[in-house]
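Below is one structure, written out as structure tokens, with a few remarks after it.
One-based numbering, in listed order, for ligands and for the atoms of each.
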Amino acid sequence: MVITSDGSFRGAKSIDLKGIVDDALEHCPGVESVLVVKRTNSAVTMKEGRDEWIQPLLDVASDQCKAEVMKAEDPLFILYTSGSTGQPKGMVHSTAGYMVYTAYTFKNVFQYRENDVYWCTADIGWITGHSYIVYGPLCNGATTVMFEGVPSYPDFGRFWQVVEKHKVNQFYTAPTAIRALAKQGSELVDSYDLSSLKVLGSVGEPINEEAWHWYNDNVGKKKSPIVDTWWQTETGGIMITPIPYVTPTKPTYATLPFIGIQPALMDENGAELKGNQVEGRLCIKFPWPSMARTIWGNHQRYKDTYFSAFKNMYFTGDGALRDEVGYYRITGRVDDVIIVSGHNLGTAPIEDAINEHPAVSESAIVGFPHDVKGNALYGYVILKDTGESRDQDNLRKEINQIITEHIGPIAKLDKIQFTQGLPKTRSGKIMRRILRKIAHKDTSNLGDISTLLNPEVVQDIMDNAL
Ligand code: 7RM
């Protein structure tokens with residue numbers, strides 16, 4: 001059975017959900033019935049004998065539903081995660097472990113108290129929406145705001161208007177949204193009453209220093225701690241995070257492991273890096289309740305992907321460093337490392353350096369083949385909307401100057417393309433696969449881009465490629 005709706009609203013657009021379900025069901029003969037919620041009043045095709053409007057059925061149904069008793073290890077749901085290569089992986093979460101851990105982390109990481117109003121702006125189809133809009137909050141009996149829309153509609157004040165209207169106490173969003181809002185300046189955020197806020201959260205990618213400060217100064221008014229929460233679809237719940245009002249925060253640091261979580265940093269030879277001030281591959285050495293139990297239909301791939309890189313460890317695929325007091329900073333996916341003239345360069349620190357330029361709002365780096373260096377760096381850079389025109393060659397020089405100061409001349413970009421947008425998933429992750437292909441001038445097969453948040457930017461980037 002599929003439960004869907006006639007459509008959903010996304011800013012000024014409405015999405016033809018029922019049409020998408022109809023197409024998918026062409027390939028899913030196992031689905032016998034479809035229940036449709038009326039939402040947008042769009043015209044839909046109802047298939048005789050398969051599709052029904054849900055409301056008339058609810059009108060005559062009992063409002064009592066006996067809970068089904070499940071076994072602890074019964075599967076709860078399967079959520080697909082793309083991964084940068086290969087087929088999507090269907091991560092399987094368990095009934096007890098997943099719910100216990102999301103409930104416990106929710107309560108502690110957001111310091112949720114009875115009668116608080118909590119709002120996570122994530123898409124419900126992302127693990128963040130599953131764990132921290134639905135399961136974690138509802139297992140606690142919390143009030144959780146569900147938002148259907150985008151931060152920019154009807155204008156960029158929408159988030160702040162919702163915070164004011166519902167007196168939101170805990171607000172959880174992604175760096176990509178923070179940067180998009182920061183780009184608009186502080187006028188809109190200043191015009192709403194945000195005094196209800198007690199905790200701010202960030203999730204999905206490393207939060208750069210500038211975005212962190214904008215969030216802290218303009219949204220939290222320097223009073224609401226920011227919890228930079230690191231975790232994955234596979235981990236089910238938050239793994240590394242400050243506890244607000246307990247752990248002193250530090251910009252760009254997810255800080256300390258949550259209770260019971262045992263991170264380890266590993267070197268390339270598989271040895272654990274002990275002590276502080278080290279950087280390596282982030283692993284977890286001990287199981288936790290909400291770890292995914294398998295990849296649906298392919299347990300071998302589950303073992304190969306997560307449990308074979310390092311002996312007796314879960315490998316996250318991320319790099320991280322531990323500072324002098326033991327705080328963790330996630331440096332990005334290790335497969336985003338590019339080897340330039342024999343130097344391993346992580347893309348994240350270079351992007352951070354570029355974003356320090358006052359005219360830059362966001363950037364992404366990929367490698368492309370180079371005769372001498374093996375690989376050279378190609379940067380895609382979004383500038384802030386300041387209204388003034390800027391000399392592009394001058395900007396390129398200044399950006400490379402900043403990179404030289406922060407990282408070294410080896411990390412200078414050979415090509416810098418200014419662009420209006422970067423291709424992103426619905427959860428705000430940059431689709432580097434697409435940018436890499438454009439930089440490689442290999443755009444014959446970009447793969448499926450229809451699920452992007454902003455598929456229209458791809459053509460524009462291709463048209464202006466260097
Ligand atoms: C929750 C989620 C997982 C990947 C993960 C990281 C990156 C997520 C942070 C982060 C730095 C963070 N699940 N990531 N949170 N990087 N700081 N606070 O995003 O499965 O969609 O993605 O996201 O690379 O491995 S996910």
Working to the nearest 0.5 Å, report the span between CG of Leu79 and CD of Glu234.
9.5 Å
Can the positive tip of Lys415 be found less than 6.0 Å from the middle of the six-membered ring of Phe368, inside 45° of the ring normal?
yes
Pair Ser363, Asn355 - check side chain to side chain donor-acceptor pair (under 3.5 Å), show working.
CA-CA 7 Å; Ser363 58; Asn355 297 348; 2.8 Å; yes
Over all heavy atoms of both residues, which pair between Val168 and Trp119 is shortest? Give the atoms and the distance, please.
CG1-CB, 3.8 Å
From the options Asp318, Val227, Thr331, select the one whose nearest heavy atom is closest to atom 24 (O) of ligand 1.
Asp318
Side chains of Tyr98 and Ser131: closer than 4.5 Å at any heavy-atom pair?
yes
Please identify which atoms of ligand 1 are closer than 4.0 Å to at least one heavy atom of Arg333.
24 (O), 25 (O)
So which bit of Thr233 gets within less than 4.0 Å of ligand 1, heavy atoms only: side chain, backbone, both or neither?
both
Charged tip of Lys303 within 45° of Phe307 ring normal and under 6.0 Å:
no
Tell me whether Lys221 at atom NZ has more than 12 heavy atoms from other residues, nucleotides or ligands lying less than 6.0 Å away.
yes
Yes or no: does Gly204 have any heavy atom under 4.0 Å from an atom of ligand 1?
yes
For ligand 1, which atoms, with element, lie under 4.0 Å from some heavy atom of Thr128?
1 (C)
Do Thr316 and Gln232 come close enough that some side-chain heavy atom pair is under 4.5 Å?
yes
Looking only at distance, does Asp228 have an N or O less than 3.5 Å from an N or O of ligand 1?
yes
From the candidates Gln232, Glu234, Lys429, Arg329, the one that places a heavy atom nearest atom 23 (O) of ligand 1:
Lys429
Note, Thr255 side chain near Asp228 side chain (heavy atom, < 4.5 Å)
no
How far is atom 11 (C) of ligand 1 from its nearest protein heavy atom, and which residue and atom name does that atom have?
Pro206 N, 3.1 Å
Ile127 heavy atoms within 4.0 Å reach ligand 1 at atoms 13 (N)
Is there any N or O on Thr229 that sits under 3.5 Å from an N or O of ligand 1?
yes
Ligand 1 versus Glu205: contacting region, heavy-atom distance under 4.0 Å
backbone
Of all protein heavy atoms, the one nearest atom 3 (C) of ligand 1 is Trp231 O, 3.6 Å
Counting from 1 in the order shown, the ligand 1 atoms closer than 4.0 Å to a non-hydrogen atom of Val203 are 1 (C)
